[in-house]
Amino acid sequence: MKTKLFALLFGTSLALAACGGGDNAGEEPKDDTGSKDTAKAEEIVQQNCISCHGQNLEGGGAAPSLEKVGGKYDQEKIESIINKGQGGMPAGLINETDAAVVAEWLAQKK
């Protein structure tokens, strides 16, 4: 009797664990600001932007600080600057899809 009860409980536990909650399956992780892809934005910036804008986006040389760029420009303007260039920054350093991700992330920096 104990073996059957144990088997039933174990089987039920296994089935429930396999099913899980599942209500957020396929969704990308979100941070506390609601951004869908903060990690991707940070990775893109690390690979493409820090050589001019600094490790912490503090700026350097001719490149301005991006630490509070969202307070100056909205997401659309930031994306336009990334895609078209401005001042000493050339156009098209990253593709348009990545530019949208980075612009969304930078627009939150206020």
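From a predicted model like this one, the values you see are computed outputs, not experimental measurements.
- The structure places CD of Glu67 at 8.5 Å from NZ of Lys109, a figure rounded to the nearest 0.5 Å.
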Can I get a per-line list of side-chain donor-acceptor pairs under 3.5 Å for residues 70-85, giving both atom names and the distance, sequence neighbours left out?
unit_1, atom_1, unit_2, atom_2, d
Asp74, OD1, Glu76, N, 3.3
Asp74, OD1, Lys77, N, 2.8
Asn83, ND2, Glu79, O, 3.2

Validation: residues 92-100 side-chain donor-acceptor distances under 3.5 Å, sequence neighbours left out:
unit_1, atom_1, unit_2, atom_2, d
Asn95, OD1, Thr97, N, 3.1
Asn95, OD1, Asp98, N, 2.7
Asn95, ND2, Asp98, OD2, 3.4

For residues 43-57, which side-chain donor-acceptor pairs fall under 3.5 Å, sequence neighbours excluded?
unit_1, atom_1, unit_2, atom_2, d
Glu43, OE2, Gln47, NE2, 3.4
Gln46, OE1, Gln55, NE2, 3.3
Asn48, ND2, Ile44, O, 2.8
His53, ND1, Pro64, O, 2.8

